[in-house]
Amino acid sequence: MKRVIKTQTEFEGRIYEEHVVIEGQGLEAWPQDASLKIVGQPQPRIDGAARVTGQAHYTYDIRLPGMLYGAILRSPHAHARLLAINTERARALPGVQLILTHENIPEIPWGNGQTRLLDTTLCYAGDEVACVVARDPDIARDALELIEVEYQQLPWVLDPLAALEPGEPQVYQRGDLEAGFKAADIVLERSFRTQTALHNCLETHGSVAYWEGDQLTVWDSTQHIFGVRQGLAAALGLSLNKVRVIKKYMGGGFGSKNRLGKYTVLAALAARRLGRPVQLMLSRKEENLAAGNRHATVQRLKLGAKRDGSLTAISLKAWAAVGAYGFAMAVGGPVRQLYRCANLRTEEYGVRTNTGPNSAFRAPGYVEGAFALESALDELAHELNIDPLELRLKNYTERDQIMDKPYSSKGLGQAYRRGAELIGWRKRGHTPAGAKLRRGFGMASQIWGGGGGPPAHALCKLNPDGTALVISGTQDLGTGTKTVLAQIAAEELGFPLEAISVEIGDTRGPYAPLSAGSMTVSSVGPAVRMAAHDARQQLLEVAAQLLETRPAELSIAEGYLIAPGGRRVALKELLADKLGQFIIIGRGARGPNPEDRRVNTFGAQFAEVEVDLDTGAVRVLRLVAVHESGRVINPLTIGSQIEGGIIQGLGFALLEGRVVDRNRGIVLNANLEDYKIPTMLDVPPINHEMIDLADTYANNLGAKGIGEPAIIPTAAAIANAVYDAIGVRLTELPLRRAAILQL
Amino acid sequence: MATKTMPQDQAAAKNRPRGPQKCEIHLQVNGRTEKIWVEPRRTLLDALRLDLGLTGTKKVCDEGQCGACTVILDEQPVYACLTLAIECEGRPIETIEGLAQDGRLHPIQEAFIAQDALQCGFCTPGQIMSLKAFLAKNPRPSLAEIKRAVSGNLCRCGAYLRIAQAGLEAARRLAAEHKP
């Protein structure tokens, strides 16, 4: 029975209401005290061996017979009009097969119609101009240098405040702001700036495209195979059944691979014209120019509070530099959601600049917004002479104030307590005055979605040898999705983990959403559980008839049927011997989200730092993270996610930032030497724990996401610790040595 | 094209002036000699990935800044993107594909899985090759020495703490294997 329902889902801080198809019977959530055997146990990745042997094939590794290689020519100017392009010399180079320019491809609109696939107006240094396809990647790059282009440079703008133009802001308001500030005993007003950060996924963006007749197959390093399929079909005028998108392994995404890329469409166009497979992978430099970024922000934040610390009003005005064709992320999210405050207004602007377009980057908007809010709250605590942790508890809310609903679960209180214990918050000391090496402690908190929602579908196929295959069109970015889905299926089926295989990343499988918003486990996981449940019910029906008993008399444990009297029957004997190659196919779908609860994830992080006043160096000595994301399915891989998020947050706090030359508008550090991501030697000890609460309202697993929550509070916690150490507030990220030395 | 024995003329080939056109190069990869026909500008990384189909060695920056393409050449860890294939004539090269033997994982690979010392896995072959070269010279390392040994290998997913632990565990596993 299929039901069409309306449900609300949260994605990257915004709420969407949509129609979805629900199928099958809802399963009760596993209760908090359910005795689970495989879910909740640390399990090494089921695809670990493929990844450590070099056998895992990433998009970059695909080699097809007759495959050609593409390379993209990009604008060297921040803003220019293409007056003329001459590809004659490039085409004459032996080995060059094809050059695509705006003159010989269809007009394909791009970026919500802001530009075209290859346009003559180029809005940033890195904008796509032409695409060469050659027999060898070296020849393709040689040919780029032989293309002659005449540009007319146009005026450009880099600074978001200089680029301001009248545009519609995103406004949210509740209560009476003026009355709220009037009621305040103290009003604190501060400006904050955050930098443009580059994802630098180790596998660059790219695709391999090939045609068999009118059927297009694309291997893509993407977080969203179905989105790429839909975008490609629209761009090329194909029906969905003619496009197949595959992503087996990918070398990171972090939000930058959520959408169809120009490289994919160019590869598909070239492959069609040449009748041969084309691989088009970006170089590291291109990755840093044109593959997305975390937008820089300017935030003006105003807090009003009573003497006891209770917040009476908050207002935020935020500007995000979204680059040439980007869009603003929910920078105001933390302000709207994190603390109890009746009178509140957020006003957010996306400002276009002549730099590479932004994209989602791990908790987009929230990382930037949390830095401002949590820095300001820390300062408010010091002004009021209240412990920063106490101030947060004072403004704790058990209800979501946007929808006025209770949270499905909120373990932030426990996270505060446990985190404080682990870092020694109550016993923290102060550096004696005059010391050059100064210690400091800071903390910050986090709210995020991560509840996921429908639609998400899965199949569970039971083989006659007692093994199972889970199939879903989701993606594993390196987060451990496959392993977690295998655990869920094994638990529900009563099979050992080794008996489960997982096949994802192919649009031939059932639909699943993009792997972003920390929603893969909470969207796809429940569908897998339901598919496994369906398969198990079918298996029991079949087995009961073979054993001449009733399904209710049978159970399954460790891959054996348990018949009446406790007799263990191997599935392989029963099924293979009597039914041959018969395969059971179970179907599952994600059920609706709860109507009367808001599903969110929470966490708190604490930092201890040492600042050297002579050199300005900030050394993070220790980080503590305690998060609540519902039930923990795999403690081993969830730990990896938390550490990974924190390490990226540490990079954002202290090291990372795109540098653009003011006079030319070009990026100066589009490489891994000058753009500093954390190395092994930058990482301090990280102590992390989960508040392992089954969120039984959220979905049938009680699990929520963790990928993004882990990065949100890190920079703010470190910045607050630096303030505690030196007594001066740094309001701009990254926290630079130069800024500390100038104090 | 793979040949099992080293051709007689290989030593002579080494001294012959070659290029700028394509030339014959013999690469000794994971104990087998391979003959390829490439321009002298071909990097060892591209020779492995494009000419020999050994895609386990990853291309990330292609300019010696990240360590993802680390292979072992003459028992030293090198960045394959900064090494020309033509420089490697007749020298032993080990890549990630050579570690597992008869389907049995190498102790470093086992340690990486056990410690969950990887997420996306794209830096993993380079991390493992750096550690292999290091542990061969320093079988009883401290944690700090392990960290330094792989500090030229970037990981964007942030598996660093676990990579360091995997290094320690690998050293233990290797020591246990070598016991009489």
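Note that these values count all heavy atoms, side chains included, but never hydrogens, waters or copies made by symmetry. Predicted model only: the values in this text are computed from it and were never measured.
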**Student:** Using a cut-off of under 4.5 Å on heavy-atom pairs, state which of T479(A), D142(A), D682(A) scores highest against chain B.
**Tutor:**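 Result: the option with the highest number of such pairs is D142(A).
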**Student:** Which residue pairs satisfy the ring pair (Phe, Tyr, Trp, His ring centres under 6.0 Å) criterion with at least one member in residues 68-112 of chain B, sequence neighbours excluded?
**Tutor:**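 Qualifying pairs, neighbours excluded: none.
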**Student:** Between chain A and each of E97(B), Q115(B), R148(B), R49(B), count heavy-atom pairs under 4.5 Å; write down the option with the most.
**Tutor:**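 Max contact count across the listed options: R49(B).
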**Student:** Between I62(A), T204(A), T637(A), D47(A), which shows the greatest number of heavy-atom pairs under 4.5 Å with chain B?
**Tutor:**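 It is T637(A).
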**Student:** Quick check on A117(B) against chain A: is it the side chain, the backbone, both or neither that has a heavy atom closer than 4.5 Å?
**Tutor:**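 When you check distances to chain A, no heavy atom of A117(B) falls under 4.5 Å.
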**Student:** Using a strict threshold of under 4.0 Å (side-chain N to carboxylate O), is an ion pair present between E87(B) and R42(B)?
**Tutor:**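 No, this pair does not count.
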**Student:** Go through S151(B), A159(B), G152(B), A100(B) and name the one with the most non-hydrogen pairs under 4.5 angstrom from chain A.
**Tutor:**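 The residue among S151(B), A159(B), G152(B), A100(B) with the greatest pair count is S151(B).
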**Student:** Step by step, would you call K59(B) with C81(B) a side chain to side chain contact (heavy atoms under 4.5 Å, CB included)?
**Tutor:** CA-CA 8 Å; K59(B) 182 184 275 197; C81(B) 72; over 6 Å; no
**Student:** Please walk me through it: do Q165(B) and L161(B) pass side chain to side chain contact (heavy atoms under 4.5 Å, CB included)?
**Tutor:** CA-CA 6 Å; Q165(B) 288 302 324; L161(B) 297 171; 5.8 Å; no
**Student:** Going by the rule ring-ring contact (aromatic ring centres under 6.0 Å, His included), which residues pair with Y58(A) if we only count those two or more places apart in sequence or in a different chain?
**Tutor:**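 In terms of ring-ring contact (aromatic ring centres under 6.0 Å, His included), with neighbours along the sequence ignored, Y58(A) is linked to Y249(A), F122(B).
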**Student:** Could you tell me which portion of L154(B) (side chain, backbone, both or neither) has an atom closer than 4.5 angstrom to a non-hydrogen atom of chain A?
**Tutor:**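 Both backbone and side chain.
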**Student:** Against chain A, label D46(B) side chain, backbone, both or neither, depending on which of its atoms sit under 4.5 Å from a heavy atom there.
**Tutor:**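 Side chain only.
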**Student:** Among G639(A), G645(A), G480(A), A56(A), which residue forms the greatest number of heavy-atom pairs with chain B at distances under 4.5 Å?
**Tutor:**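 Of the candidates given, the most pairs with chain B belong to G639(A).
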**Student:** Is it the case that the side chains of Q28(B) and R91(B) hold a donor-acceptor pair, with the cut-off being a distance below 3.5 Å and no angle test?
**Tutor:**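 No, no side-chain donor-acceptor pair sits under 3.5 Å.
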**Student:** Select one option (side chain, backbone, both, neither) describing which atoms of I113(B) are under 4.5 Å from chain A's heavy atoms.
**Tutor:**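 Both the backbone and the side chain of I113(B) come within 4.5 Å of chain A.
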**Student:** Please classify the contact between D116(B) and chain A as side chain, backbone, both or neither, with a heavy-atom cut-off of under 4.5 Å.
**Tutor:**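 Both parts, backbone and side chain.
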**Student:** Evaluate the side-chain proximity of C201(A) to E203(A): yes if any heavy-atom separation is below 4.5 Å, no if none is.
**Tutor:**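 Sidechains of C201(A) and E203(A): no contact.
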**Student:** Look at C157(B), C123(B), P125(B) and state which one has the largest set of heavy-atom pairs under 4.5 Å with chain A.
**Tutor:**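 Looking at each of C157(B), C123(B), P125(B) in turn, C157(B) comes out on top.
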**Student:** Which bit of E63(B) comes within less than 4.5 Å of chain A, counting heavy atoms only: side chain, backbone, both or neither?
**Tutor:**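 Answer is side chain: those atoms of E63(B) sit under 4.5 Å from chain A.
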**Student:** Distance only, no hydrogens: is a donor on one side chain within 3.5 Å (strictly under) of an acceptor on the other, for K247(A) and S221(A)?
**Tutor:**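 Absent: no donor and acceptor within the cut-off.
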**Student:** Considering only heavy atoms, which portion of K58(B) lies under 4.5 Å from any heavy atom of chain A: side chain, backbone, both, or neither?
**Tutor:**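 Just its side chain gets close to chain A.
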**Student:** At a heavy-atom distance under 4.5 Å, which candidate from I108(B), I163(B), I96(B), L105(B) has the highest pair count against chain A?
**Tutor:**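 Winner by heavy-atom pair count: I96(B).
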**Student:** Does a side chain donor of either T95(B) or N30(B) reach within less than 3.5 Å of an acceptor in the other side chain?
**Tutor:**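 A pair is found: one side chain offers a donor N or O, the other an acceptor, under 3.5 Å apart.
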**Student:** Using non-hydrogen atoms only, which part of H199(A) is less than 4.5 Å away from chain B: side chain, backbone, both, or neither?
**Tutor:**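 Looking at H199(A), just its backbone touches chain B.
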**Student:** Below 4.5 Å from any heavy atom of chain A, which atoms of A114(B) appear? Answer side chain, backbone, both or neither.
**Tutor:**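 Contact with chain A is through the backbone of A114(B) alone.
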**Student:** Looking at N288(A), is its backbone amide N or carbonyl O close enough to the side chain of R658(A) to form a donor-acceptor pair, meaning the two atoms are under 3.5 Å apart?
**Tutor:**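 Side chain of R658(A) to backbone of N288(A): no pair is present.
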**Student:** Looking at S640(A), P42(A), G251(A), which one has more heavy-atom pairs under 4.5 Å with chain B than the rest?
**Tutor:**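 Looking at each option in turn, the highest pair count goes to S640(A).
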